[in-house]
Enquirer: 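One structure, as structure tokens, below. Some questions next.
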Amino acid sequence: LANAAARGWGAQGITIICLALTQEQLAPGIEGKVTETRVPPALKTPDLENDVASFIATLVRGPAVVTGTTMMLDGGNLMSV
């Protein structure tokens, strides 16, 4: 979806980046309600306030060299599958 939107709006100078987060990042503190997965936990899951927010700020300040992609901000969990 991000790729299609970037193709459509790129000519207007609009950058599209989808940030994929984990359940723990989206709803911290609900450990008992998070569904079990086969994926082992990452060494460090990036937290929204310190890690993800500064990453977004870096993307916003810099030139729009990345567009039409989905970035997994899960601390490497996807790579361990």
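Everything numeric here is computed off the predicted structure, so don't read it as measured data.
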Enquirer: Does I16 sit in a hydrophobic cluster with other residues, and if so which ones, taking ILVMFWY side chains as linked at heavy-atom separations under 4.5 Å, directly or through other members?
Expert: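 Via sub-4.5 Å side-chain contacts, I16 links to W9, I14.
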Enquirer: Treating Ile, Leu, Val, Met, Phe, Trp and Tyr as nodes and any side-chain heavy-atom pair under 4.5 angstrom as an edge, say whether L1 and M72 lie in one connected cluster.
Expert: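 No.
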Enquirer: Side chain to side chain contact (heavy atoms under 4.5 Å, CB included) between T69 and N3: does it pass, once the steps are laid out?
Expert: CA-CA 6 Å; T69 190; N3 196 346; over 6 Å; no
Enquirer: Tell me every residue that passes side chain to side chain contact (heavy atoms under 4.5 Å, CB included) with L19, counting only those two or more places apart in sequence or in another chain.
Expert: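 Side chain to side chain contact (heavy atoms under 4.5 Å, CB included) check on L19 returns I17, F55, I56, M71, L73.
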Enquirer: Who are the side chain to side chain contact (heavy atoms under 4.5 Å, CB included) partners of A53, not counting sequence neighbours?
Expert: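 Per chain and number, A53 pairs via side chain to side chain contact (heavy atoms under 4.5 Å, CB included) with no residue.
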